[in-house]
Engineer: 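Before anything else, here's the structure in question.
Numbers restart at 1 for each chain; the letters A, B, ... are given by sequence-line order, proteins then strands.
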Amino acid sequence: MSIIDEVIDEVNSLDVNDLKSYLPKKKKQAKAEPKELPPLDKNEKVVLRFAPGPSGPLHLGHTRALALNNYYKKRYNGKLILRLEDTNPNAIDPEAYVLISEDLDWLGIEADEVITQSERIETYYEDIRKIILKGGAYVTKSDAEEWRELKRQKKAHPDRERDPERQIAEFDSLLSGDNGIVVIKTNLDDPNPALRDFVAFRVVEDPHPLQKTKYRLWPLYNFAVAIDDYRLGITHVLRGKDHLNNTEKQKWIYKYMDWKEPEFIHYGLVSIPKTNLKTSKIRQSISDGEYSGWDDCRIATIRALARRGYSSETFSKYWEASGVKEVDIKFSWQNFDAMNKDLIDAKSKRLFFVSEPCEYIFSSKKTITKEAPWHPDNKKLGNRVEDIISGSKIYLPNADLSKIQDTSEIRLKNLCNVKINGNTLEFSGFEHKKGIPIFQWCSGNRKIELYYPDGTISQGLVEDNIDKLDNTVVQFERTGFVRLEGDKAFFLHR
RNA sequence: GCUCCCGUGGUGUAGUCCGGCCCAUCAUCUCGGCCUUUCGAGCCGAAUACCCGGGUUCAAAUCCCGGCGGGAGCACCA
C-alpha cells in the first residue's frame with residue numbers, strides 16, 4: 001500500500017468536525033489604513049501641471065487629472081502649475097479663463113502658478129528656430145493632402161530635405177504673411193502612422209481673444225506642451241492614456257533639444273456613463289435654452305455638481321481610490337455618491353418633505369408640540385420645535401395616503417397619533433403603537449420644487465423653518481439628500 | 001487596416017515587477033437579520049471574481065506562448 005493510500009484512508013476516517021481544524025486559518029486583516037498611490041520617482045522637487053484648454057468650465061472628467069496631480073503635489077510637498085492651453089484661437093471661450101480658476105477654487109485646489117500659453121508665443125518661436133537649425137524641423141507650403149499621403153507611404157516630402165538656413169528663411173516668411181506649416185521630423189519608417197512627422201505650427205488668421213491679431217503663426221498642442229513642460233520645470237507628466245502617442249511625439253522635441261525627459265505616467269481612460277461631458281454640446285444646449293446655464297443640475301460640470309451639493313472632498317477621495325493604473329475604468333455614480341454620503345451624512349439636517357400634498361385639518365383638545373431632532377444620531381444639532389393648535393392645517397403626502405384606509409389611525413412623525421375622519425385628523429394619543437403607519441407632514445404651506453438630475457421636477461411642501469438652511473445640504477427624510485436654494489431644492493443622491 | 005495599451009465579483013480596487021503566508025483585500029451594490037418615530041446611519045451575516053487554452057514548476061492571479069475581449073491613436077484640435 002502506497003503512502004498516498006495510507007494518508008487517504010486516514011483522512012477518510014476522520015470526523016468532519018476534526019477535519020475542520022485542518023482548514024487554513026483566516027488571516028486576520030492586515031490593515032484598515034487607506035492604501036497609498038504608488039510612489040513617484042523623484043530626485044528633485046516635484047513639479048506637476050494641470051493643462052486644460054480654455055473652452056469652457058471644468059467638468060467631472062477633468063477632476064481625475066486634477067485630483068491625482070494635486071495628490072502628488074501634497075504628498076511630496078511639490079508644486080502644481082495650472083497651464084491654460086489657448087493656442088487655437090478658434091476654440092477659446094474667453095470666459096473660461098475665469099471659470100476654470102473658479103472651479104479650482106471650489107475644489108479646494110490651489111495652483112502655485114498660472115501660465116497662459118498665448119503669452120509665450122515668442123518662446124515657442126525661439127525654440128523652433130533652434131530645432132530647425134539642428135535639422136529637426138522643416139517648413140512646407142505644400143498641399144495638406146499631398147503631404148499627408150507621402151507620410152502614409154513613409155516617403156519624405158521634398159521640402160523636408162532642404163538645408164536649415166533655407167528652412168529658417170521659410171519660417172520667417174510664415175511669420176510675415178505666407179501660408180504653410182512647420183513640421184517636426186520624426187522617423188518616417190515608424191510602423192505607427194500616427195507617429196510620423198507631426199505639425200508644430202500652423203497659420204491662423206482669426207483674432208485670438210487675448211492676443212487679438214498679434215500673432216498669425218500658432219504652435220500646435222504637442223509642440224507647445226513639450227516646450228512648456230521643459231521650460232516650466234515639470235518633473236512628472238501625469239495624464240490619461242489617450243496621450244500615449246502624444247508622449248512619443250513630444251519625446252522627439254526633448255531629443256532635438258537634448259533635454260532630460262520628465263517622468264510620464266498614463267492612467268487608463270474613464271468612461272462616465274449617462275453623462276454628457278462634451279463642452280461644445282453643452283454650450284449648444286445652453287444657447288438653445290434647453291439648459292439654464294453651466295450650472296444646470298442635469299449636467300456634470302463642476303459648478304452643476306457643486307450646486308447639487310456634492311462635497312469637493314469627494315472628488316479627490318474617489319480618484320485617489322481609483323488609482324493610476326493603465327486599465328480603462330467605468331465611473332460609478334453609485335460609488336461616488338456613497339463616498340459623498342459618508343462625508344455629509346452626519347452634518348446634514350433632516351427635514352420633512354411632502355410631495356403632492358393633501359390638506360387636512362388637525363383637531364385636538366389642546367395644543368400639541370412637535371419636537372423632532374435635526375439629526376437622528378447627531379443629537380448635538382438639537383431639535384426643531386413647533387406648536388400645532390387645533391384647527392391647524394396639516395398636509396400629508398398623497399403617495400402614502402393611497403396605501404391606507406380612509407378611517408385608519410396613523411402617526412404623524414414626531415407629533416402624535418391621529419385618526420383620519422374625512423378631511424380631519426383627530427388626536428388619538430401619544431403612545432407608540434407597533435405597525436401603525438408613520439407619516440411625514442407639514443403644517444405650513446411652504447412650497448418647494450425639487451429638481452432631479454434626470455430633468456424631472458417634483459412639487460411639494462417643506463417645513464417652514466428652511467430659511468436659515470438656504471444654500472446648505474439637508475436630507476429630505478426618505479427622499480434623499482438635497483441642496484436648498486430659495487424655493488428650489490436640487491436632488492443630490494439618496 | 002496599421003500602431004500602441006489593458007483584461008481580478010455588477011462597479012472600483014489590493015495582490016502581478018521579485019511564483020508559495022491568495023480556497024484572493026477593501027469599498028460600493030445586492031440579499032437576509034438586529035436596531036431605529038418611515039429614510040439614512042450603525043451592527044451582524046450571506047452571495048458574487050483571477051478572460052480562455054496550452055506550457056514551465058513540487059507550487060501560477062503572478063512567469064512563457066497562443067487565442068479572445070475591451071480601449072485609444074492614426075488632425076494644419078486640445
Side-chain angles (χ1 to χ4, degrees), chain A residues 23-27 29-36 51-55 84-88 90-92 117 140 144-145 147-148 151-152 179-183 190-196 198-204 217-218 220-222 224-225 240-249 266 268-271 273 279 317-323 325-339 341-342 344-346 348 350 352-353 372-373 375-378 400 411-417 430 432-434 436-440 475-481 493-494:
Chain A
L23 284 172
K25 294 170 190 60
K26 275 273 183 195
K27 340 167 272 295
Q29 67 217 32
K31 35 75 232 217
E33 72 195 47
K35 64 172 197 302
E36 282 202 321
S55 57
L84 297 157
E85 307 205 320
D86 57 345
T87 55
N88 178 0
N90 292 315
I92 296 167
Q117 286 191 322
T140 180
E145 206 30 65
W147 175 75
R148 251 183 246 125
K151 269 208 312 178
R152 252 190 293 273
N179 279 321
I181 54 174
V182 185
V183 182
D190 198 307
N192 185 349
L195 262 28
R196 296 176 205 145
F198 64 94
V199 181
F201 285 85
R202 63 162 177 174
V203 171
V204 182
L217 185 65
W218 289 93
L220 263 357
Y221 177 76
N222 280 301
V225 163
K241 228 169 60 171
D242 47 331
H243 288 289
L244 244 18
N245 280 343
N246 289 327
T247 297
E248 294 309 310
K249 292 183 189 178
H266 302 97
L269 267 13
V270 193
S271 76
T279 302
K317 279 188 82 169
Y318 185 87
W319 293 121
E320 284 168 28
S322 295
K325 292 204 308 182
E326 280 195 25
V327 256
D328 298 330
I329 61 174
K330 212 185 293 172
F331 180 84
S332 164
W333 283 105
Q334 223 169 31
N335 288 8
F336 187 73
D337 288 350
M339 285 187 181
K341 187 161 61 189
D342 252 6
I344 62 167
D345 183 40
S348 300
R350 267 54 175 173
F352 294 164
F353 170 69
H375 192 287
D377 307 315
N378 188 354
D400 288 350
R411 182 170 185 91
L412 300 177
K413 193 174 182 209
N414 298 119
L415 189 70
C416 63
N417 303 327
F430 292 109
H432 292 175
K433 297 178 182 171
K434 284 270 184 241
I436 178 172
I438 299 168
F439 275 61
Q440 289 183 61
Q475 189 196 59
F476 281 176
E477 290 201 45
R478 224 149 68 101
T479 301
F481 293 89
H493 50 67
R494 281 191 68 82

Engineer: Write down the distance between CG (Asn246(A)) and P (C5(B)), rounded to a whole number of angstrom.
Structural biologist: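 These atoms are roughly 16 Å apart.
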
Engineer: Taking the side chain of Leu244(A) as heavy atoms from C-beta outward, which of U3(B), C39(B), C4(B) is closest to it?
Structural biologist: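 Between U3(B), C39(B), C4(B), the one nearest the side chain of Leu244(A) would be C4(B).
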
Engineer: To the nearest 0.5 angstrom, please state how far the NZ atom of Lys317(A) sits from the CZ atom of Phe336(A).
Structural biologist: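 With rounding to 0.5 Å, NZ (Lys317(A)) is 11.5 Å from CZ (Phe336(A)).
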
Engineer: For C35(B) and C50(B), measure between their C1' atoms and round to the nearest Å.
Structural biologist: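 Rounded to whole Å, the distance is 38 Å.
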
Engineer: Roughly how far apart, to the nearest Å, are G54(B) and U62(B) at atom P?
Structural biologist: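 Taking atom P in both G54(B) and U62(B), they lie 14 Å apart.
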
Engineer: Under 4.0 Å between a side-chain N/O of Arg148(A) and OP1 or OP2 of C76(B), yes or no?
Structural biologist: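 Result: yes.
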
Engineer: Suppose you measure atom P in C63(B) against the same atom in G19(B); what distance do you get, rounded to whole Å?
Structural biologist: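 Nearest-Å result for C63(B) against G19(B) at atom P: 9 Å.
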
Engineer: Is Ile344(A) close to His493(A) at the side-chain level, that is, under 4.5 Å between some pair of heavy atoms?
Structural biologist: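 Yes, close enough: below the 4.5 Å cut-off.
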
Engineer: When all nucleic acid strands are considered with a 4.0 Å heavy-atom cut-off, which category describes Asn335(A): base, sugar-phosphate, or nothing?
Structural biologist: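 Since a base atom lies under 4.0 Å of Asn335(A), the category is base.
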
Engineer: Looking across every strand, which nucleic acid part, if any, lies under 4.0 Å from Pro437(A) by heavy atom: base, sugar-phosphate, or nothing?
Structural biologist: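 Result for Pro437(A) = nothing.
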
Engineer: Nearest-Å distance, CD1 (Ile438(A)) to P (U36(B))?
Structural biologist: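 Answer to the nearest Å: 12 Å.
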
Engineer: Rounding to an integer number of angstrom, what distance separates G42(B) and C64(B) when you compare their P atoms?
Structural biologist: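 That atom pair is separated by 43 Å.
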
Engineer: Within the 4.0 Å heavy-atom criterion, would you say Ile181(A) contacts the bases, only the backbone, or no part of the nucleic acid?
Structural biologist: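 Since a base atom lies under 4.0 Å of Ile181(A), the category is base.
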
Engineer: Return the value, rounded to whole Å, for the distance between atom CG of Leu269(A) and atom P of A78(B).
Structural biologist: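 Taking atom P of A78(B) as the reference, CG of Leu269(A) is at 19 Å.
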
Engineer: How close do Trp147(A) and Val199(A) get, heavy atom to heavy atom, and via which atoms?
Structural biologist: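 Trp147(A) and Val199(A) have their closest heavy atoms at CH2-CG2, 3.5 Å.
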
Engineer: Out of G12(B), U38(B), C6(B), which nucleotide sits closest to the side chain of Glu326(A)?
Structural biologist: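 In terms of side-chain proximity for Glu326(A), the closest of G12(B), U38(B), C6(B) is C6(B).
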
Engineer: Of the listed nucleotides (G7(B), U3(B), G40(B)), which one gets closest to any side-chain atom of Pro193(A)?
Structural biologist: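 Of the options given, the side chain of Pro193(A) lies nearest U3(B).
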
Engineer: If you take all heavy atoms of Phe430(A) and Arg411(A), which pair is closest and at what distance?
Structural biologist: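 Scanning both residues completely, I find the closest heavy atoms to be O-NH1, 3.0 Å.
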
Engineer: What does C63(B) pair with, Watson-Crick or G-U, if both distances are under 3.5 Å?
Structural biologist: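 Looking at the geometry, C63(B) pairs with G55(B).
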
Engineer: Using Watson-Crick or G-U wobble geometry with both distances under 3.5 Å, which nucleotide pairs with U3(B)?
Structural biologist: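 In the structure as shown, U3(B) has A72(B) as its Watson-Crick or wobble partner.
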
Engineer: Separation of His493(A) atom NE2 from C29(B) atom C1', in whole Å?
Structural biologist: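 So the NE2-C1' distance, His493(A) to C29(B), works out to 15 Å.
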
Engineer: For Asp345(A) and A41(B), what is the distance between atoms CG and P respectively, to the nearest whole Å?
Structural biologist: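 Rounded to the whole Å, the gap is 7 Å.
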
Engineer: Which listed nucleotide (C39(B), G70(B), A78(B)) is nearest to the side chain of Arg478(A)?
Structural biologist: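 So the side chain of Arg478(A) is nearest to C39(B).
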
Engineer: Ignoring the backbone of Val327(A), work out which of U13(B), A41(B), U3(B) is nearest its side chain.
Structural biologist: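 Selected nucleotide: U13(B).
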
Engineer: If the P atom of A47(B) is compared with that of G10(B), how far apart are they to the nearest Å?
Structural biologist: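 Between the two P atoms, the distance is 16 Å.
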
Engineer: Please report the distance separating the P of C5(B) from the corresponding atom of C52(B), rounded so that it comes out in whole Å.
Structural biologist: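 Here C5(B) and C52(B) have their P atoms 23 Å from each other.
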
Engineer: With rounding to the nearest 0.5 Å, note down the distance linking CD in Gln440(A) to CG in Leu415(A).
Structural biologist: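 Here the rounded value is 13.5 Å.
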
Engineer: So, does Lys325(A) get its side chain near the phosphate of A14(B), meaning an N or O under 4.0 Å from OP1 or OP2?
Structural biologist: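 Result: yes.
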
Engineer: Nearest-nucleotide wise, let me know which of Asn192(A) and Glu477(A) is further upstream toward the 5' end of RNA chain B.
Structural biologist: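 Its nearest nucleotide lies further toward 5', so the answer is Asn192(A).
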
Engineer: Please report, rounded to the nearest Å, how far the P atom of A41(B) is from the CE atom of Met339(A).
Structural biologist: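 From Met339(A) CE to A41(B) P: 15 Å.
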
Engineer: Between Trp319(A) (CH2) and G12(B) (C1'), how many Å, whole number?
Structural biologist: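 From Trp319(A) CH2 to G12(B) C1': 10 Å.
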
Engineer: Taking only the side-chain nitrogens and oxygens of Thr87(A), find out if one of them lies under 4.0 Å from OP1 or OP2 of A78(B).
Structural biologist: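 It does, given that an N or O in the side chain of Thr87(A) lies less than 4.0 Å from OP1 or OP2 of A78(B).
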
Engineer: Assign each of Val204(A) and Asp328(A) to its nearest nucleotide of RNA chain B by heavy atoms, then name whichever residue's nucleotide is nearer the 5' end.
Structural biologist: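 On the 5' side of the pair lies Asp328(A).
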
Engineer: Just how far is it from atom CG of Leu220(A) to atom CD of Glu85(A), taken to the nearest 0.5 Å?
Structural biologist: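 Leu220(A) atom CG to Glu85(A) atom CD measures 11.5 Å (nearest 0.5 Å).
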
Engineer: Does Gln334(A) reach a base, just sugar-phosphate, or nothing at all? Heavy atoms under 4.0 Å.
Structural biologist: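 The residue Gln334(A) makes base contact.
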
Engineer: Hey, does Trp218(A) reach any base, or is it just sugar-phosphate, or nothing, if we go heavy atoms under 4.0 Å?
Structural biologist: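 Answer is nothing: Trp218(A) stays at 4.0 Å or more from every strand.
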
Engineer: If you compare all heavy atoms of Ser348(A) against all heavy atoms of Gln475(A), which two are closest, and at what distance to 0.1 Å?
Structural biologist: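 Nearest heavy atoms, Ser348(A) then Gln475(A): CB-N, 4.4 Å.
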
Engineer: Got a second to check how far Asp345(A)'s CG is from Phe481(A)'s CZ, nearest 0.5 Å?
Structural biologist: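 Those atoms lie 4.0 Å apart.
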
Engineer: Using the C1' atom as the point on both nucleotides, what is the distance between U48(B) and C6(B), in whole Å?
Structural biologist: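 It works out to 24 Å between them.
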
Engineer: With heavy atoms under 4.0 Å as the rule, sort Phe439(A) into base, sugar-phosphate or nothing.
Structural biologist: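 Counting heavy atoms under 4.0 Å across all strands, the contact made by Phe439(A) includes a base.
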
Engineer: Taking only N and O in the side chain of Lys413(A), is any of them less than 4.0 Å away from OP1 or OP2 of U38(B)?
Structural biologist: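 For U38(B), OP1/OP2 do have a side-chain N/O of Lys413(A) under 4.0 Å.
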
Engineer: Checking all strands, does Ala338(A) fall into the base, sugar-phosphate, or nothing category for heavy-atom contacts under 4.0 angstrom?
Structural biologist: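 Sugar-phosphate, no base atom in range.
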
Engineer: For Lys341(A) and A27(B), give me the distance from atom NZ to atom C1', rounded to whole Å.
Structural biologist: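 About 13 Å, once rounded to whole Å.
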
Engineer: Quick check: does any side chain N or O of Tyr318(A) sit under 3.5 Å from a backbone N or O of Ser332(A), one acting as donor and the other as acceptor?
Structural biologist: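 A pair under 3.5 Å: yes.
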
Engineer: When all nucleic acid strands are considered with a 4.0 Å heavy-atom cut-off, which category describes Gln475(A): base, sugar-phosphate, or nothing?
Structural biologist: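 Base contact.
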
Engineer: Could you work out the separation of C31(B) and U16(B) based on their P atoms and round it to a whole Å?
Structural biologist: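 These two P atoms come out 35 Å apart once rounded.
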
Engineer: What is the nucleic acid contact for Arg350(A), judged by heavy atoms within less than 4.0 Å: base, sugar-phosphate only, or nothing?
Structural biologist: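 Contact class for Arg350(A): base.
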
Engineer: Of the listed nucleotides (C74(B), U37(B), C39(B)), which one gets closest to any side-chain atom of Arg411(A)?
Structural biologist: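 Among C74(B), U37(B), C39(B), the one nearest the side chain of Arg411(A) is U37(B).
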
Engineer: Return the nucleotide paired to A49(B): Watson-Crick means purine N1 to pyrimidine N3 with N6-O4 or O6-N4, wobble means G-U with N1-O2 and O6-N3, both under 3.5 Å.
Structural biologist: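 Because no pair has both required distances under 3.5 Å, A49(B) counts as unpaired.
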
Engineer: Is C43(B) paired to anything, Watson-Crick or G-U wobble with both distances less than 3.5 Å, and if yes, which nucleotide?
Structural biologist: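 Paired with G33(B).
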
